[in-house]
Q: 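First, the structure itself, so that you have it in front of you.
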Protein chains: 2
Amino acid sequence: MKASLKPRYEARAKILKAMAHPSRLLIIEELQKQEWCVNELTEMVGADTSTVSKHLTVLKNAGLVADERRANCIYYRLRCPCILDFMECVEEVLAVSAKDHQKIMKCCKK
Amino acid sequence: MKASLKPRYEARAKILKAMAHPSRLLIIEELQKQEWCVNELTEMVGADTSTVSKHLTVLKNAGLVADERRANCIYYRLRCPCILDFMECVEEVLAVSAKDHQKIMKCCKK
DNA sequence: TGGCTATTTGGCTATATGGCCAAACACGAA
DNA sequence: TTCGTGTTTGGCCATATAGCCAAATAGCCA
């Protein structure tokens, strides 16, 4: 790979990697609606608080979320609304795959 | 996490995970322009053929690319053009992070 | 068929990740 | 300041990934 392109792809990969986990996708989706504190997100995810905290750190390091303390809770919010479009594309990939799968299924029934 | 949502997020995560690697992002970007065979992609990536072959398998399993043999080469092509939009969003995330970073830098200079 | 080239698979190692538990930390409120 | 709640960090283990090399496979073409 051309050395000049490497940092570019590494930066992008970091963001995608940060999103590439079921629990983190749930968190992202919930944060699209409104901000939530760690406690609330922990309940939604259904894992240990420390686990969710680490997921949030991953998202924060990737620049996807921001946090802010208010009273004695730390609230997280999404930093980029475009992530919604992102998911539309992911769904399209899934849809195309599903279509193929259907074809295969039909083919087998014959 | 609600059990009914789990498969949904797992499916999405699988796709994002498949994209979340510098070499695979390079491959995706090159395949946006035109189809290429393993050999050609190997040269672009600059890794062992077997490594690139495995990357392509990952992309194929995620439903992102399709392959087709012609003559004695196997050509790979993108299955979802929307991935381009995807990258625009990733770039936006990077841009926002960069902006913040600049702010921090400025702040420190004072 | 047999050889040749392109591609995939298996084996191995080093490294990264996710999960839980326990402990540390942060900070508002009494 | 001390308590208590909310959050993060460290430690540990099990599992997954990326990389290379070597070997196996696939299938075109003579």
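Worth saying up front: this structure is predicted, and the values here are computed from it rather than measured. All chains are named by letter (A, B, ...) in the order of the sequence lines, taking the proteins before the strands, and each is independently numbered beginning at 1.
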Q: For B/Ser53 and for A/Ala47, find the nucleotide of DNA chain C with the closest heavy atom, then tell me which residue's nucleotide is more 5'.
A: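 Closest to the 5' end, via its nearest nucleotide, is B/Ser53.
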Q: If you count every heavy atom of other residues, nucleotides or ligands that lies below 6.0 Å from A/Glu10 atom CD, does the total exceed 12?
A: yes
Q: Could you state the atom-to-atom distance from CZ of B/Arg70 to C1' of C/dT7 in whole Å?
A: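 Rounded to whole Å, this separation is 16 Å.
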Q: Tell me: CD1 of B/Ile74 to C1' of D/dT25, nearest whole Å?
A: 11 Å
Q: Measure CG/B/Asp48 against P/C/dT9 and give the value in whole Å, please.
A: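 Distance check: B/Asp48 CG to C/dT9 P gives 15 Å.
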Q: Return the pairing partner of D/dA30 with a 3.5 Å limit on both distances, Watson-Crick or G-U wobble; otherwise return none.
A: C/dT1
Q: Without decimals, in angstroms, what is the distance between B/Asp67 CG and D/dG27 C1'?
A: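 Atom-to-atom, B/Asp67 to D/dG27, this comes out as 14 Å.
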Q: Looking at C/dT7, D/dT9, C/dG28, which one has an atom nearest to any side-chain atom of A/Arg69?
A: C/dG28
Q: If I take atom NZ in residue B/Lys60 and atom C1' in nucleotide C/dT7, what distance separates them, rounded to the nearest angstrom?
A: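 Going from B/Lys60 (NZ) to C/dT7 (C1'), I get 10 Å.
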Q: Can you name the closest pair of heavy atoms from B/Leu56 and B/Ile27 and give their distance?
A: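 That closest heavy-atom pairing would be CD2-CG2, 3.9 Å.
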Q: Check A/Arg24 against A/Ala18 and note the closest heavy-atom contact, atom names and distance.
A: NE-O, 2.5 Å
Q: Kindly give the heavy-atom pair with the smallest separation between A/Val45 and A/Ser23, and that separation in Å.
A: CG1-OG, 3.7 Å
Q: So if I take every side-chain heavy atom of B/Cys73 and compare against C/dA6, D/dT8, C/dT8, which nucleotide ends up nearest?
A: C/dA6
Q: Would you name the heavy atoms of B/Val93 and A/Ala62 that are closest together and state the gap between them?
A: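 Shortest heavy-atom contact: CG1-O, 3.8 Å.
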Q: So if I take every side-chain heavy atom of B/Lys54 and compare against D/dC21, C/dT8, C/dG11, which nucleotide ends up nearest?
A: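 The answer is C/dG11.
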Q: For B/Gln32, does the CD atom have more than 12 heavy-atom neighbours from other residues, nucleotides or ligands under 6.0 Å away?
A: yes
Q: Under the salt bridge (charged side-chain N to carboxylate O under 4.0 Å, His left out) test, which residues partner A/Glu35, sequence neighbours left out?
A: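 Testing A/Glu35 for salt bridge (charged side-chain N to carboxylate O under 4.0 Å, His left out), a comparison that skips the adjacent residues, returns A/Arg70.
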Q: Salt bridge or not between A/Glu68 and A/Arg77? Use side-chain N to carboxylate O under 4.0 Å.
A: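 No, no charged N to carboxylate O under 4.0 Å.
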Q: Can you give me the N/O atom pairs linking the protein to nucleotides 14-18 of chain D at distances under 3.5 Å, or say none if there are none?
A:
{"residue": "D/dT17", "atom": "OP1", "partner": "B/Lys17", "partner atom": "NZ", "Å": "3.0"}
{"residue": "D/dA18", "atom": "OP1", "partner": "B/Arg24", "partner atom": "NH1", "Å": "3.0"}
{"residue": "D/dA18", "atom": "OP1", "partner": "B/Arg24", "partner atom": "NH2", "Å": "3.0"}

Q: Report which part of the nucleic acid A/Tyr75 touches: base, sugar-phosphate, or nothing (heavy-atom distance under 4.0 Å, all strands).
A: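 Result for A/Tyr75 = nothing.
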Q: Under 3.5 Å, which N/O atoms of the protein pair with N/O atoms of nucleotides 3-5 of chain D?
A:
none

Q: So, A/Tyr9 and B/Glu29: side-chain donor and acceptor under 3.5 Å apart, yes or no?
A: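 Indeed, the side chains of A/Tyr9 and B/Glu29 share at least one donor-acceptor pair under 3.5 Å.
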Q: Give a yes/no on whether any side-chain N or O of B/Tyr76 is located under 4.0 angstrom from OP1 or OP2 of C/dT8.
A: yes
